[in-house]
Amino acid sequence: MTTPTKIASWNVNSLNVRLPHLQQWLDAAAPDIVGLQETKLEDARFPDAALAEAGYRSVFAGQKTYNGVAILSRTPAEAVQVGIPGFEDEQKRVIAATVGDVRVVNLYVVNGQDVGTDKYAYKLRWLEAVQGWLMRELLAHPKLVVLGDFNIAPDARDVHDPAVWNDDHILTSTAERDALRRLYDLGLHDAYRLHHEDGGVFSWWDYRQAAFRRDMGLRIDLTLVSEALRGDCSGAGIDREPRTWERPSDHAPAWVELAR
DNA sequence: ATGGTTGTAACACAA
C-alpha cells in the first residue's frame, strides 16, 4: 500500500499577494505536485526560497503584471519546457516538466475576453497550437497530466446558470468547447468527471456581485489525465476553503490523486 | 445589458 500522488492546480492571481495562502494550503493539503497560474512575477522575484522551506522545489516562467506559471514539486522537476514549441508567444502561459514517471503540462489558457474579439481569436489559435503539441507530447510521454486554468467550462453542469453561460458566451462558447473536446479526443480525460457526474461544483467565482457567497461559479480549472494514467486516477476534487479566506484568489485549487 | 471587484501599476488594462 503506497500513498497516492496528489497533483493540484491553482490560479493564485498574484503569487506576491497569495504566498501566505499558498503556504497555508500546501501545509494542509500536502500535494506532491502543484501547477500555479497567474503568478504575475518576474523570475527574479519568484519566492523559491520560501517554497523550499515548505518542502517544494520550483520551476517557473513569469513576467511582470500578467500571466506567469510555475510547477512546484516535492521531488525534482526535470526536462523543463517553457512555452509551446514552435508557437511564438510573449505571454508566459505554459510550463511543462517531468516529475517521477509523470509528465506534467501546466497551462494558463488565454481568457479570450469576449466572443469575436482579437483576444478570442488568439485563444482559439493558442488552443490549436496546444492540441498539436500535446499530440506529440503524448507520444513521447504516455503518462501525461495536463492541468491548469483552462478558461473553458466543459459543459452545462460546470456553470451556475447555463442560460447566461451559453453557446455564445466567453468560457462556454461552442468553439471553445470544441477545442477542449479535441484535447479529449487525444485520449485525455477530465479527471474530475471520471469520479463525479454531478454538476454545481465550481473552481472560479468572479470577485464581483458577491458571486462566491451566492455560489455563482464555473468549473474552469481542470486536470486531464492520459489514457495510460486513467486507471491510476483514484480521486479528484476542488478545495473551496481557500476561496473563503481573507483576500482570496478568485480561483480555488483543484486536485487529483494518482495511485503510484 | 452594463457594471460590478481585484491586481498591478500608475490614473488603464486584464480578468
Side-chain angles (χ1 to χ4, degrees), chain A residues 9-25 35-47 50 60-70 83 89-95 106-127 130 147-154 158-173 175-177 179-180 202-222 238-254:
Chain A
S9 173
W10 195 5
N11 179 326
V12 292
N13 185 20
S14 170
L15 184 52
N16 190 41
V17 172
R18 231 67 68 190
L19 180 60
H21 282 200
L22 177 60
Q23 289 166 315
Q24 185 174 342
W25 180 77
L36 301 177
Q37 305 87 35
E38 284 206 87
T39 55
K40 300 186 177 181
L41 286 177
E42 290 180 297
D43 291 348
R45 296 185 58 215
F46 194 91
F60 40 86
Q63 63 189 92
K64 227 186 259 188
T65 313
Y66 303 121
N67 309 309
V69 284
D89 195 352
E90 309 236 310
Q91 304 190 11
K92 302 295 190 201
R93 298 180 170 278
V94 175
I95 190 166
N106 177 22
L107 304 177
Y108 174 44
V109 174
V110 177
N111 173 285
Q113 192 176 45
D114 273 310
V115 173
T117 61
D118 288 350
K119 286 174 188 165
Y120 183 75
Y122 165 52
K123 180 176 197 172
L124 296 181
R125 271 201 320 278
W126 193 93
L127 286 165
V130 165
L147 55 77
D149 175 358
F150 278 70
N151 270 318
I152 304 171
D158 302 309
V159 305
H160 66 93
D161 185 351
V164 171
W165 298 92
N166 59 30
D167 293 352
D168 302 313
H169 203 285
I170 193 66
L171 311 188
T172 52
S173 72
E176 291 166 88
R177 283 174 165 166
L180 180 59
F202 309 127
S203 66
W204 170 79
W205 301 260
D206 200 295
Y207 285 123
R208 295 165 285 193
Q209 299 176 302
F212 182 67
R213 184 178 56 72
R214 301 155 74 191
D215 202 21
M216 294 167 59
L218 271 64
R219 190 173 68 90
I220 57 177
D221 298 274
L222 311 177
I238 297 169
D239 270 1
R240 289 171 57 97
E241 201 201 318
R243 188 65 176 78
T244 70
W245 296 344
E246 195 176 338
R247 209 180 177 195
S249 168
D250 45 351
H251 294 252

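All values reported here derive from a predicted model rather than from experimental measurement. What you see below is based on every heavy atom in this structure, not just the backbone, and it leaves out hydrogens, waters and symmetry mates.
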Whole-Å distance between B:dT6 P and A:Trp245 CH2? 18 Å
Send over the distance from A:Gln37 CD to B:dG7 P, rounded to a whole Å. 17 Å
Just jot down the side chain to side chain contact (heavy atoms under 4.5 Å, CB included) partners of A:Ala121, sequence neighbours excluded, or say none. A:Arg125
Verify whether one side chain among A:Asn11 and A:Glu38 offers a donor that lies under 3.5 Å from an acceptor in the other. yes
Euclidean distance for P, B:dA15 against B:dA1 (whole angstrom): 22 Å
Between B:dT5 atom C1' and A:Arg213 atom CZ, what is the distance in whole Å? 14 Å
Regarding A:Asp215 and A:Trp205, do their side chains bring together a donor and an acceptor under 3.5 Å, going by distance alone? yes
Looking only at atom P, what distance separates B:dA9 and B:dA14, rounded to whole Å? 14 Å
Counting only side-chain heavy atoms from C-beta out, which of B:dG3, B:dG7, B:dT8 sits nearest to A:Arg247? B:dG7
Please state how far atom CG in A:Asn13 lies from atom P in B:dA9, giving the value in whole angstrom units. 13 Å
Tell me yes or no: between the side chains of A:Tyr122 and A:Thr117, is some donor less than 3.5 Å from an acceptor? no
In terms of side-chain heavy atoms, does A:Asn13 have a donor or acceptor partner in A:Tyr207 at a distance below 3.5 Å? yes
Measure the distance from CD on A:Glu246 to C1' on B:dT6 and round it to the nearest whole Å. 14 Å
What interatomic distance, in whole Å, is found between P of B:dC11 and the corresponding atom of B:dT2? 26 Å
Please enumerate all residues that pass salt bridge (Lys or Arg N to Asp or Glu O under 4.0 Å) together with A:Arg208, with sequence neighbours excluded. A:Asp206
Check nucleotides 11-15 of chain B against the protein and report each pair of N or O atoms closer than 3.5 Å, with its distance, or say if there are none.
residue	atom	partner	partner atom	Å
B:dA14	OP2	A:Lys119	NZ	2.8
B:dA14	O5'	A:Lys119	NZ	3.0
B:dA15	OP1	A:Arg93	NH2	3.3

